[in-house]
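Below, all heavy atoms of this structure are taken into account, side chains as well, without hydrogens, waters or symmetry copies.
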Amino acid sequence: MATTNVYIVFYSLYGHVETMAREIQKGANSVDGVKATLWQVPETLPDRVLEKMKSHPKADDVPVISPEQLLEADGFLFGSPSRFGVMAAQMKAFFDATHPLWATQALAGKPAGIFWSTGFHGGGQELTALTAITQLAHHGMIFVPVGYTFGSGMFEMNEVRGGSSYGAGTYAADGSRQPTQLELQQAFHQGKYTAEITKKLKIKT
């Protein structure tokens, strides 16, 4: 059976989205016949600005992706921190650079999910996902929400939990809060769920 390639493409400034991405990769790779690969989008801020912002070091084991490499994947999971309720400019710049792929609708029909990190409750937990869907729609990609397939974890009320039916999410607060076990479990579930759907669609086509 041919390998199903799932690309997990993300931008992470303080490490929260990267942590989620790695858990999503584990979930996707738990599906037989699936190979999930991590990719970073290019940074747009100069080093001196990143230093002043006290950013998290970039993962040296995750390569930077170019738009044309998206063609190699059967499905995607795109991750970004929220900036005023929408994806970070770095992720938007990457999508802007996919214009040649859009012009030929080269990614049309490929499934894609979304995950994210926000600072607080009003930071765009659902709005970030909703506005990111426009990128997928213009490419003709198939948005794959997790719905309520995560089960009882979706109804947890005794602890703070990011994410929604749109995908996995986490809260960073002032940057010191890290993804909780429950948030990581949802990330793992999203990776597995999206990989399963990607595999099914590849077999049918």
Side-chain angles (χ1 to χ4, degrees), residues 6-25 28 36-47 49-50 53 55-73 75-103 106-108 110-120 123-146 162-164 166-172 175 179 183 186-187 190-191 194:
V6 174
Y7 280 8
I8 302 162
V9 183
F10 69 92
Y11 174 73
S12 188
L13 184 63
Y14 293 109
H16 300 81
V17 174
E18 179 190 331
T19 298
M20 297 287 281
R22 292 186 184 278
E23 201 64 25
I24 284 173
Q25 182 188 33
T37 307
L38 293 176
W39 298 91
Q40 300 182 79
V41 301
E43 179 60 79
T44 60
L45 293 173
D47 290 341
V49 173
L50 293 172
M53 295 175 72
S55 67
H56 184 78
K58 300 298 181 188
D60 56 12
D61 62 333
V62 181
V64 174
I65 192 170
S66 59
E68 59 271 16
Q69 288 176 288
L70 294 176
L71 293 170
E72 303 164 1
F76 308 95
L77 282 145
F78 296 104
S80 172
S82 179
R83 297 291 182 265
F84 300 109
V86 297
M87 65 171 60
Q90 289 85 349
M91 182 61 76
K92 182 59 168 62
F94 176 76
F95 272 108
D96 288 348
T98 63
H99 180 274
L101 301 180
W102 164 82
L107 302 178
K110 294 191 177 188
I114 298 166
F115 62 102
W116 59 87
S117 170
T118 71
F120 301 95
Q125 278 286 317
E126 290 197 340
L127 184 60
T128 302
L130 281 168
T131 53
I133 292 172
T134 62
Q135 314 298 314
L136 310 185
H138 279 259
H139 276 287
M141 287 187 273
I142 302 170
F143 174 52
V144 181
V146 294
S164 71
Y166 296 99
T170 185
Y171 289 106
E183 290 170 337
Q186 186 181 15
Q190 184 180 17
T194 305

Interatomic distance, [X] atom [atom1] to [Y] atom [atom2] [nearest 0.5 angstrom]:
X	Y	atom1	atom2	answer
Ser164	Leu127	OG	CG	11.0 Å
Glu126	Ser82	CD	OG	12.0 Å
Tyr14	His56	OH	NE2	12.0 Å
Ile114	Leu77	CD1	CG	9.5 Å
Ser80	Lys92	OG	NZ	12.0 Å

Between [X] and [Y], which heavy-atom pair has the shortest distance, and what is it?
X	Y	result
Arg83	Ala88	CG-CA, 3.6 Å
Phe94	Pro42	CD1-CD, 4.1 Å
Gly79	Met91	O-CE, 3.0 Å
Gln90	Thr44	CG-OG1, 3.3 Å
Met141	Leu107	CG-O, 3.4 Å
Ala132	Met87	CB-CE, 3.6 Å

Tell me yes or no: between the side chains of Glu183 and Tyr171, is some donor less than 3.5 Å from an acceptor? no

Is it true that a side-chain atom of [X] and a backbone atom of [Y] form a donor plus acceptor pair closer than 3.5 Å?
X	Y	result
Thr128	Gln125	no
Lys110	Ala73	yes
Thr118	Gly124	no
Gln190	Ala168	yes

Pairwise side-chain contact, [X] with [Y], heavy-atom cut-off 4.5 Å (strictly under):
X	Y	value
Val9	Leu70	yes
Tyr11	Val17	no
Trp116	Met20	no

Side chain to side chain contact (heavy atoms under 4.5 Å, CB included) between Asp61 and Arg22, worked out: CA-CA 11 Å; Asp61 62 333; Arg22 292 186 184 278; 2.8 Å; yes

Counting only heavy atoms from other residues, nucleotides and ligands, does the tally under 6.0 Å from NE2 of His138 exceed 12? no

Is there a side chain to side chain contact (heavy atoms under 4.5 Å, CB included) between Leu50 and Leu13? Walk through the geometry before answering. CA-CA 9 Å; Leu50 293 172; Leu13 184 63; 3.7 Å; yes

One pair to check against side chain to side chain contact (heavy atoms under 4.5 Å, CB included): Phe10 and Ser117. What are the steps and the verdict? CA-CA 11 Å; Phe10 69 92; Ser117 170; over 6 Å; no

Would Phe76 and Leu136 count as a side chain to side chain contact (heavy atoms under 4.5 Å, CB included) here? Give the steps. CA-CA 10 Å; Phe76 308 95; Leu136 310 185; over 6 Å; no

Assert yes or no for the condition that the ring centre distance of Phe95 to Phe78 is strictly below 6.0 Å. yes

The single option from Gln40, Glu18, Glu43 that satisfies side-chain hydrogen bond (donor to acceptor under 3.5 Å, both in side chains) with Lys58 is Glu43

Would you call the rings of Trp39 and Tyr7 parallel, tilted or perpendicular, taking 30° and 60° as the class edges? tilted

